[in-house]
Amino acid sequence: MSTETKTTVQSQVKERFGVRALVNIGMLAAIAVILMLFEIPLPFAPSFYEIDFSEVPVMVGCFAMGPFAGALIEFVKILLNFVFTGTDTAGVGELANFIIGCSLCVPAGLIYRRKRTRTTALIGMAAGTVTMTVIGCAVNAFVLLPTYATAFGMPIDALVEMGTAVNPAINSLNTFVFFAVAPFNILKGVLVSAIVFLIYKKISPIFRMRLS
């Protein structure tokens, strides 16, 4: 590798992992962890489905510093929560939550990066909400719900019955996903997107380095 190439690579690494960027990522991840503590129960879903707004700082990071930074914020958020609260699912739940969180924020960041306008921000957030809903339904049906059932020593039917208690239309795993998981993800995506849309321009001057 030539000296010029080495210098270019070092410059790119320094830009990507500069002190300012790392501070911003750490700050947003810390805010996200705090927001995870405040959960709102929903009338159409069992009690273990509660909305929090920890994806707001993640999406802000995606918009301000790029989707790679947003994914790092999501990772640090999940890691810190894992350290502070532990896990009941041997890390499976945390991995699934990381995937679902990134599926909302990263597509939004990718689209917004191409053209930084309100319109592309809205398109990106809509795309992220749809992506999270699809991936969230699949992950819940095939990973999270079976994992939680195993971790707590109960059959899937018991979880379905918890859904039936709040919505009689829920009588199987498929209807659980359709009437509880999908609305949950849609609502969360819309609320997170609305908050970011309202606050981003006001706080974006804080972030003066963008990661791509």
Side-chain angles (χ1 to χ4, degrees), residues 29 32-59 62 67 70-109 125-193:
V33 171
I34 293 171
L35 289 176
M36 288 184 77
L37 301 176
F38 301 94
E39 298 179 319
I40 303 172
L42 299 172
F44 59 80
S47 58
F48 53 87
Y49 280 99
E50 296 180 315
I51 280 186
D52 67 70
F53 297 100
S54 61
E55 259 64 58
V56 169
V58 179
M59 189 175 290
C62 279
L72 282 178
I73 295 166
E74 183 73 28
F75 175 77
V76 174
K77 179 196 82 172
I78 296 296
L79 181 62
L80 290 175
N81 185 67
F82 178 86
V83 171
F84 291 143
T85 64
T87 179
D88 295 318
T89 61
V92 174
E94 286 71 25
L95 176 60
N97 287 334
F98 171 76
I99 294 171
I100 293 172
C102 286
S103 68
L104 169 64
C105 300
V106 170
M125 290 186 290
T129 298
V130 172
T131 303
M132 181 180 69
T133 300
V134 173
I135 291 179
C137 287
V139 168
N140 272 269
F142 299 110
V143 180
L144 279 181
L145 291 173
T147 298
Y148 286 134
T150 301
F152 293 106
M154 62 175 66
I156 290 288
D157 290 345
L159 297 177
V160 173
E161 288 174 3
M162 294 175 69
T164 306
V166 296
N167 184 351
I170 297 175
N171 53 30
S172 66
L173 181 59
N174 288 337
T175 55
F176 188 103
V177 170
F178 186 79
F179 289 113
V181 178
F184 172 87
N185 283 287
I186 292 171
L187 180 60
K188 182 171 183 175
V190 169
L191 291 177
V192 168
S193 298

Next on the checklist: Would you compute the distance between atom CG of Leu80 and atom CD1 of Ile34 and round it to the nearest 0.5 angstrom?
Outcome noted: 10.5 Å

Checklist entry - With a 4.5 Å heavy-atom cut-off, do Thr129 and Ser193 have their side chains touching? => result yes

Checklist entry - What distance separates Asn97 CG from Leu144 CG, expressed to the nearest 0.5 Å? => result 6.0 Å

Checklist entry - Below 4.5 Å, heavy atoms only, C-beta onward: do Leu191 and Phe53 meet side chain to side chain? => result yes

Next on the checklist: Between Asn81 (side chain only) and Lys77 (backbone N and O only), is there a donor and an acceptor less than 3.5 Å apart?
Outcome noted: no

Checklist entry - Should Leu159 and Phe48 count as side-chain neighbours, where that means a heavy-atom distance under 4.5 Å? => result yes

Checklist outcome for this item: So ring pair (Phe, Tyr, Trp, His ring centres under 6.0 Å) across residues 154-178, not counting sequence neighbours, yields Tyr49-Phe176

Next on the checklist: Please report the interatomic distance CD1(Ile40) to CZ(Phe38), rounded to the nearest 0.5 Å.
Outcome noted: 10.5 Å

Next on the checklist: Please check this pair: side chain of Thr164 against backbone of Ile170, looking for a donor-acceptor N/O pair closer than 3.5 Å.
Outcome noted: yes

Item to check | Residue list, side-chain hydrogen bond (donor to acceptor under 3.5 Å, both in side chains) with Thr150, at least two apart or on another chain | outcome: none

Item to check | Reported CG-to-CD distance for the pair Asp52 and Glu39, which is rounded to 0.5 angstrom | outcome: 5.5 Å

Item to check | Residue pair Met59 / Val192, side-chain heavy-atom distance below 4.5 Å | outcome: yes

Item to check | Qualifying residue for side-chain contact (heavy atoms from CB on, under 4.5 Å) with Cys102, from Glu55, Glu74, Met132 | outcome: Glu74

Checklist entry - For Phe75, does the CZ atom sit with more than 12 other heavy atoms under 6.0 Å from it, leaving out its own atoms? => result no

Item to check | Separation between CG of Leu79 and CG of Leu72, rounded to the nearest 0.5 Å | outcome: 11.5 Å

Checklist entry - Is the shortest heavy-atom distance from the side chain of Thr147 to the side chain of Val92 under 4.5 Å? => result yes

Item to check | Euclidean distance, Leu187 CG relative to Leu42 CG, rounded to 0.5 Å | outcome: 6.0 Å

Checklist entry - Between Pro107 and Gly128, what is the shortest heavy-atom contact and its length? => result CB-CA, 4.1 Å

Checklist entry - How far apart are the closest heavy atoms of Val58 and Cys105, and which atoms are they? => result CG1-SG, 3.6 Å

Item to check | Closest non-hydrogen atom pair, Val166 against Ala45 | outcome: CG2-C, 3.8 Å

